[in-house]
Amino acid sequence: MLDVQLFRNDLDFVIAGLKKRNFAFNPENYSELEARRKAVQTKTQELQSERNSSSKAIGQAKAKGEDVQPLLDKVANLGDELKAAETELSEIQAELDVLMSGIPNLLDVSVPEGKDEDDNVEISRWGDLPKFDFEVKDHVDLGTARNLLDFELGAKITGSRFVVLNGQLARLQRALIQFMLDTHSSENGYQETYVPYLVNADSLRGTGQLPKFAADLFKASENPDYYLIPTAEVPVTNIVRDVIVDAKDLPLKFVCHSPCFRSEAGAYGRDVRGMIRQHQFEKVEIVQIVKPEDSVQAHEDLTAHAEMILQKLNLPYRKMLLCAGDTGFSSSKTYDLEVWLPGQNAYREISSCSNFRDFQARRLQARWRNPETGKPELVHTLNGSGLAAGRTLIAVMENYQDADGRIHIPEVLLPYMGGLKVIE
RNA sequence: GGAGAGUUGGCUGAGUGGUCGAAAGCGCACGCCUGGAAAGUGUGUGUACGGCAACGUACCGAGGGUUCGAAUCCCUCACUCUCCGCCA
């Protein structure tokens with residue numbers, strides 16, 4: 001949610017900002033609605049004021065034992081008039097709310113123009129691409145050959161885009177998750193948390209998935225309306241919903257592993273082979289809640305924390321700055337980390353690190369008390385994958401394969417694999 | 001799942017259908033006192049919207065209703081606590 005004050009004070013700035021995103025915003029429609037809101041709100045408040053003073057007068061007259069009937073007659077019609085005004089006002093406000101909550105965040109000035117992922121800008125590369133003197137297999141062939149990955153079983157148990165991991169491969173995924181949690185909590189200063197995987201609609205509104213992206217979610221129940229989380233970002237960021245954080249407690253840094261559930265609506269035909277794009281996958285998420293002045297640096301730090309995992313695993317990757325057209329709805333600036341997948345001969349997204357500035361905080365009413373002003377002010381929120389465990393598993397499989405189709409265990413994971421060095 | 005009790009400001013906690021944005025205490029801020037501190041003492045201390053401001057309006061878990069007037073009465077829902085049942 002953007003600041004309504006910004007709309008009122010500098011509409012041209014908002015229009016220009018949204019244009020960069022290619023977001024269709026109709027300023028006339030907005031201004032007309034806003035003008036009506038103002039008129040009806042003023043009228044409503046005048047009527048309320050009249051009611052309050054009249055009621056007070058009645059109370060005082062009664063206390064003195066005077067006849068209140070003339071006063072009662074005077075306010076006879078006020079009730080209906082007020083009710084009508086209040087109803088109209090709440091309708092206009094609901095309409096404005098729908099409009100406002102459908103508007104994406106404004107982009108940081110450093111975000112490049114562009115329309116889709118082809119216009120993203122490469123910032124840096126890390127690691128040497130592995131050289132193989134045999135024909136490289138992708139994770140599907142590697143996994144199915146030894147019955148470590150079973151897509152048919154996943155389809156039988158549930159449906160398409162579900163998979164079963166067996167034996168040491170399942171363990172390897174668990175090892176990756178443990179390794180990531182340990183690294184972020186003991187080296188990068190994040191507090192480990194465990195959160196609900198089902199969330200309510202308020203939480204999803206807070207982080208921006210609702211109302212606009214309901215189709216991407218799995219709804220788990222009606223009444224109560226619970227949804228499976230698409231990312232741990234949702235429950236973790238909602239820790240600070242409706243909270244005023246003490247300045248001394250900032251920054252808050254959380255790390256959380258969770259399964260993620262995505263309907264992948266609109267992704268038909270994309271990445272159908274393998275476990276790149278599943279309805280259910282494991283991810284370790286890092287989240288920061290910071291003072292506004294710190295969020296730019298925090299974004300760089302948080303991205304570096306995600307990169308650290310790739311470096312420790314010795315997986316080659318590149319860091320991309322997403323262009324205007326590819327940056328997510330709630331984000332003002334996003335770096336994607338793309339890991340090298342030899343089986344695809346391509347870099348593929350494995351982490352997305354975003355600075356939301358106050359966009360989520362406004363929806364969440366997540367604030368801190370600024371000692372300089374003494375007032376509660378919005379915090380800035382950030383998050384990133386640190387990393388997507390399912391895709392990291394793929395990357396390890398493909399980068400650490402040998403001529404026999406065996407998978408070697410990365411050095412840093414050995415303690416988590418009970419001494420196992422190779423999956424064969 | 002059954003029965004009961006609750007939900008009030010940063011916290012604890014009073015509250016009558018009218019003058020309650022709400023007593024009191026704690027905490028916090030600023031001052032006095034002090035060599036300094038503690039204690040004591042004085043003043044102040046919610047958020048949002050509109051307005052240059054004075055000020056107005058809304059908010060006592062949420063949403064409805066009754067009423068000229070609702071924190072207070074009625075209804076629905078959510079959550080918390082206690083007891084019973086069931087269960088990892």
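The structure presented is a predicted model; accordingly, all values stated were derived computationally and were not measured. First the proteins, then the strands, lettered A, B, ... as listed; each starts at 1.
- Checking B/U47, B/C68, B/C79 against the side-chain heavy atoms of A/Y226 singles out B/C79 as nearest.
- Atom-to-atom, CG of A/D242 to C1' of B/A48 comes out at 13 Å; the value is rounded to the nearest Å.
- Taking atom C1' on both B/G4 and B/G40, the two are 47 Å apart, rounded to the nearest angstrom.
- The separation of B/C32 from B/A39, taken at their C1' atoms, amounts to 14 Å, rounded to a whole angstrom.
- Side-chain N/O atoms of A/K375 include none lying less than 4.0 angstrom from OP1 or OP2 on B/G46.
- Within the nucleic acid shown, A/Q93 has no heavy atom closer than 4.0 Å to any nucleic acid atom.
- When rounded to the nearest whole Å, the span between CG of A/L378 and C1' of B/U47 equals 12 Å.
- A/Q401 places a side-chain N or O within donor-acceptor distance of the main-chain N or O of A/E398, the cut-off being under 3.5 Å.
- Separating the C1' atom of B/A78 from that of B/A24 is a span of 31 Å, rounded to the nearest Å.
- No side-chain donor-acceptor contact under 3.5 Å links A/Q178 and A/D182.
- Rounded to whole Å, the distance from CG on A/L71 to P on B/C68 is 13 Å.
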Under a 3.5 Å cutoff on both atom distances, Watson-Crick or G-U, what's the dot-bracket for RNA chain B ([ ] crossing, | other strand)? ((((((((.[[[..)..(.....]]]((((((.......))))))(((((....))))).[[[[[..)....]]]]])))))))....
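- Separating the CG atom of A/N9 from the P atom of B/C49 is a distance of 11 Å, rounded to the nearest angstrom.
- Salt-bridge check for A/E264 with A/R277: passed, with a basic side-chain N closer than 4.0 Å to an acidic carboxylate O.
- With C1' as the reference atom, B/A23 and B/G56 are 26 Å apart, rounded to whole Å.
- For the 3.5 Å distance criterion, the side chains of A/S203 and A/N200 qualify, holding a donor opposite an acceptor.
- Taking atom C1' in both B/C81 and B/U72, the straight-line distance is 23 Å, to the nearest Å.
- The backbone N or O of A/V140 sits less than 3.5 Å from a side-chain atom of A/D138, completing a donor-acceptor pair.
- If you take CG of A/D97 and P of B/C49, they are 14 Å apart, rounded to a whole angstrom.
- When the ring pair (Phe, Tyr, Trp, His ring centres under 6.0 Å) test is applied to A/F13, no partner is found at least two apart in sequence or on another chain.
- Residues A/F359 and A/F329 bring their aromatic ring centres within 6.0 Å.
- The interatomic distance linking A/Q365 (CD) with B/G46 (C1') rounds to 14 Å, in whole Å.
- Along RNA chain B, the nucleotide nearest A/R37 and the nucleotide nearest A/P376 are compared for position; the residue whose nucleotide lies closer to the 5' end is A/P376.
- Comparing A/K38 and A/R369 by the nucleotide of RNA chain B whose heavy atom lies nearest to each, the residue mapping closer to the 5' end is A/R369.
- Rounding to whole angstrom units, CG of residue A/N370 and C1' of B/G10 are separated by 17 Å.
- When only modelled atom types and interatomic distance are considered, A/T381 and A/Q360 share a side-chain donor-acceptor pair under 3.5 Å.
- Rounded to the nearest Å, the gap between the C1' atom of B/A88 and that of B/U8 is 38 Å.
- Listed by first and then second residue, the side-chain hydrogen bond (donor to acceptor under 3.5 Å, both in side chains) pairs involving residues 89-115 of chain A are A/D108-A/S110, A/S110-A/K333 (not counting sequence neighbours).
- Side-chain atoms of A/R357 never come within 3.5 Å of backbone atoms of A/L106 as a donor-acceptor pair (strictly under, hydrogens ignored).
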Contact list (N/O, under 3.5 angstrom) for nucleotides 57-63 of chain B vs protein:
| from | atom 1 | to | atom 2 | distance (Å) |
| --- | --- | --- | --- | --- |
| B/U57 | OP1 | A/N52 | ND2 | 3.3 |
| B/U57 | O3' | A/Q48 | OE1 | 3.3 |
| B/U57 | O2' | A/Q48 | OE1 | 2.7 |
| B/A58 | OP1 | A/R51 | NH2 | 2.9 |
| B/A58 | OP2 | A/N52 | ND2 | 3.4 |

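- The only member of A/E300, A/E307, A/K319 that meets side-chain hydrogen bond (donor to acceptor under 3.5 Å, both in side chains) when paired with A/Y335 is A/E300.
- B/G25 and B/G64 have their P atoms separated by 37 Å, given to the nearest Å.
- If you check the side chains of A/D402 and A/H408, you find a donor sitting under 3.5 Å from an acceptor.
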Polar atom pairs (N or O), protein with nucleotides 18-21 of chain B, under 3.5 Å:
| from | atom 1 | to | atom 2 | distance (Å) |
| --- | --- | --- | --- | --- |
| B/G18 | O6 | A/K62 | NZ | 3.0 |
| B/G18 | N2 | A/S55 | O | 2.7 |

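- To the nearest whole angstrom, the two C1' atoms, one in B/U67 and one in B/C73, are 10 Å apart.
- If you measure from atom CD of A/E86 to atom P of B/G69, you get 10 Å, rounded to the nearest angstrom.
- With sequence neighbours left out, the ring pair (Phe, Tyr, Trp, His ring centres under 6.0 Å) criterion links A/H279 to A/F162, A/F218.
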